[in-house]
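Working notes for the structure below.
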Amino acid sequence: MHVRVAFGSLLSFFLSQCDVHCRGVFVSACEKANRFLSCLNSPQCRKSSWTMEQAGIESGTLVNVNTPVPVEQKTTAVEASETGKRKNDDPDDPETSGRGKRRRGAGGKKLRPGERYIPPPQKRNPGVSFSQEHFNETSYYFEAGLRKVYPYYFDFKTYCKGRWIGKSLLDVFKNEFRAESIGYYQKAAKEGRIRLNETPVEDLSVVLRNNDHLRNTVHRHEPPVVGRPLEILVDDGEVLVVDKPASIPVHPCGRFRHNTVIFILGKEFGISELHTVHRLDRLTSGVLLFARTLETSKKLDQMVRDRQLEKEYVCRVEGEFPEDEVICEEPILVVSFKIGLCRVDPKGKECRTVFQRLSFNGKTSVVRCLPLTGRTHQIRVHLQYLGFPILNDPVYGSSAWGPHRGKGGLVGKSDEELLQALVEEHHSQENFNMLDIADDCIGIAHKADKNKASEKMDKSAGTAESDKSGESCPVQVDACGSDKKLDCIEAVNDNNTVKDCQNPQPAKSHGNETGANDSSQKTPPDHLCSECKLVRPDPTEKELIMYLHALRYKGPDFEYSTQLPDWAKEDWVEAD
């Protein structure tokens, strides 16, 4: 359909545009026209026109750049572009003030009766690091040579996973969050501790949809770690090097948050925004590198890829290790990334470790280890394969691997059978302090022990209202999760009484370790928290360390090292 426009109207519009273009400048009509035509032919103008047209299409309004626009409207657009504000930044806009048109929050459509509004997922910033707000969640205290954390409330947050879509919250808690009973989650929901898209959920029968955001508030207890302070070896503004004690994870994972190297450095030394160069297993001690700057991090990462970093470890193994140099090149396969269990397998990745015996005391040997590749648990797996597992390795030295304990790669069990055997062995010994296996593998057995301990306490107290006793114990298995790790098992002390771990005996502070015995961070026992009703014996130092130590890291122009640990000395004898 063609529209006729009077020549006079078209000329008036053309001249008005020339007036706008040459506003404030006295020039002839001809000059105005030339300037206006030059502007229309410029790349900037064409780009601007295209942008305006696109914006009109996206907003649902077709905009014709050839349609005359009132001067007042153009002026408003110019002012908005100069200030960087959008139309919706205007507080009086009906779409943002709630008056007039529907709010855009519902996705531009009305919700049907009974339909839940699900906000769009928030964009995550992978560069966010921990801040003082996180460090202030709780504080440390020291008791019996252990670093402990006062229990605290913590929000576990997650978006709905693909496998959860269409399932009820009840089904998800029942099948994937088995550290607590369904009864606990039902009570927690009634008290507003479980929120879906920031709205408290009282009925767990609600069906999950894509982009649902789940928040679960728990009373969190962290396992104790060795109380030896972190020692900073080097801090030159580019690299931070620490001597990590055994039993302390590098970064928050599983049940550990404040009892981690990252949090201890932040809370006690005021050091944050570090870049991880490499990691050490929780039970491994020794040299740990962090980059202070992104540039240094990239430089060190390139050295790792180019295999320019020489790593040297020491360990103490069972038996008399050969005097001659031993090189193991067996490929290593990760049995489960979730569990962190590996074994020698032809389908695994190439691997190479050089071993050299340093000493032998008649029963055990100290061995120097040079891993030339960086596979998960490489040293531990290769030593197991050679028949000389690390003396107190809770996983690769376990009899669950069979009569030969995995020597020569002989296991005789499927991966599932092996995992089950490992769990049963540590379960029978009532010691999960050294075992790093995910809760979903042993949550049921763990829950059975928890219930058994609770029943024993209830009978000894003569009441089922043990949650009123006011006691608490600072160790917990997270109430959230299939990806959490179980390292200890509940027990009742000899006389079946409950001690008050919220009021520990005074402990000696370790220099710059702030927060020791700070009662301001203590929380009263939580009536829903099963951990507050239980008592665990403190783990011994032997249960918290493994005889594997990162002795030295060397690069093209640097070398960082620590002293040999006591157990690596030639005259060391294991205590009974």
Side-chain angles (χ1 to χ4, degrees), residues 140 142 145-147 223-235 239-254 256 259-265 268-269 274 276-290 309-318 340 353 355 358-359 364-371 374 376-381 383 389-397 433-436 485 487 510-511 513 539-554 559-570 572 574-575:
Y140 304 116
F142 298 87
L146 300 174
R147 177 191 293 269
V225 297
V226 171
R228 184 166 70 86
L230 284 179
E231 180 183 355
I232 295 180
L233 303 176
V234 176
D235 186 7
V239 174
L240 176 73
V241 186
V242 301
D243 185 1
K244 184 186 93 67
S247 79
I248 305 179
V250 175
H251 52 77
C253 58
F256 295 89
N259 266 346
T260 60
V261 173
I262 292 292
F263 264 66
I264 294 172
L265 287 172
E268 297 183 349
F269 296 90
L274 298 172
T276 304
V277 177
H278 69 106
R279 293 177 177 85
L280 295 177
D281 291 342
R282 181 175 63 87
L283 299 177
T284 304
S285 58
V287 177
L288 181 64
L289 274 70
F290 295 99
L309 280 180
E310 179 182 324
K311 300 170 286 185
E312 180 181 349
Y313 289 73
V314 290
C315 63
R316 183 171 285 275
V317 303
E318 296 182 14
T353 315
F355 298 101
L358 298 180
S359 64
T364 59
S365 305
V366 176
V367 179
R368 177 175 178 259
C369 316
L370 296 176
T376 302
H377 296 172
Q378 174 175 329
I379 294 174
R380 299 165 67 181
V381 173
L383 285 170
I390 294 176
L391 182 59
N392 58 350
D393 191 325
V395 176
Y396 300 101
N433 289 297
M434 296 183 68
L435 184 62
D436 284 325
K485 294 185 177 181
D487 293 325
H510 293 252
E513 294 175 348
T540 63
E541 182 176 350
K542 183 178 178 180
E543 293 172 330
L544 290 178
I545 69 173
M546 182 172 62
Y547 298 147
L548 178 62
H549 180 83
L551 184 66
R552 180 178 293 105
Y553 265 68
K554 183 178 180 181
E559 181 175 341
Y560 309 116
S561 61
T562 67
Q563 299 293 323
L564 277 175
D566 290 339
W567 52 260
K569 295 177 180 177
E570 188 172 353
W572 179 85
E574 184 177 15

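Computed from a prediction, not measured in an experiment: that's the story for all the values here. In this chain, residues are counted from 1 in sequence order.
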Is any side-chain heavy atom of [Y] closer than 4.5 Å to one of [X]?
X    : Y    : answer
V287 : K554 : no
H377 : V395 : no
L146 : P539 : yes
F256 : V225 : yes
L283 : L548 : no
R380 : M546 : yes
F290 : L265 : yes
L391 : W567 : no

### Task
Please assess I264 against R147 for the test side chain to side chain contact (heavy atoms under 4.5 Å, CB included), listing each intermediate value before the final yes or no.
CA-CA 11 Å; I264 294 172; R147 177 191 293 269; 3.6 Å; yes
### Task
Name all residues meeting the side chain to side chain contact (heavy atoms under 4.5 Å, CB included) criterion together with E312; count only those two or more places apart in sequence or in a different chain, and write none if there are none.
R368, L370, L551, R552
### Interatomic distance, L230 atom CG to R228 atom CZ [nearest 0.5 angstrom]
8.0 Å
#### Entry: For K569, all residues meeting side-chain hydrogen bond (donor to acceptor under 3.5 Å, both in side chains), sequence neighbours excluded
D566
### Query
Side chains of S285 and H549: is there a donor and an acceptor less than 3.5 Å apart?
yes
Counting only N and O atoms by type, is there a donor-acceptor contact under 3.5 Å from the side chain of [X] to the main-chain atoms of [Y]?
X    : Y    : result
N392 : I545 : yes
S247 : V226 : yes
K244 : P249 : no

### Query
Hey, mind stepping through F355 and I379 against side chain to side chain contact (heavy atoms under 4.5 Å, CB included) and telling me if it holds?
CA-CA 9 Å; F355 298 101; I379 294 174; 4.2 Å; yes
### Query
Which is it for I390 and Y396 under the side chain to side chain contact (heavy atoms under 4.5 Å, CB included) test, yes or no, and what are the steps along the way?
CA-CA 8 Å; I390 294 176; Y396 300 101; over 6 Å; no
### Task
Test Y560 against V239 for side chain to side chain contact (heavy atoms under 4.5 Å, CB included), laying out the working first.
CA-CA 11 Å; Y560 309 116; V239 174; 4.1 Å; yes
#### Entry: Within 6.0 Å of CD in E541, more than 12 heavy atoms from elsewhere
no
### Task
State whether the number of non-hydrogen atoms from other residues, nucleotides or ligands found under 6.0 Å of Q563 atom CD is greater than 12.
no
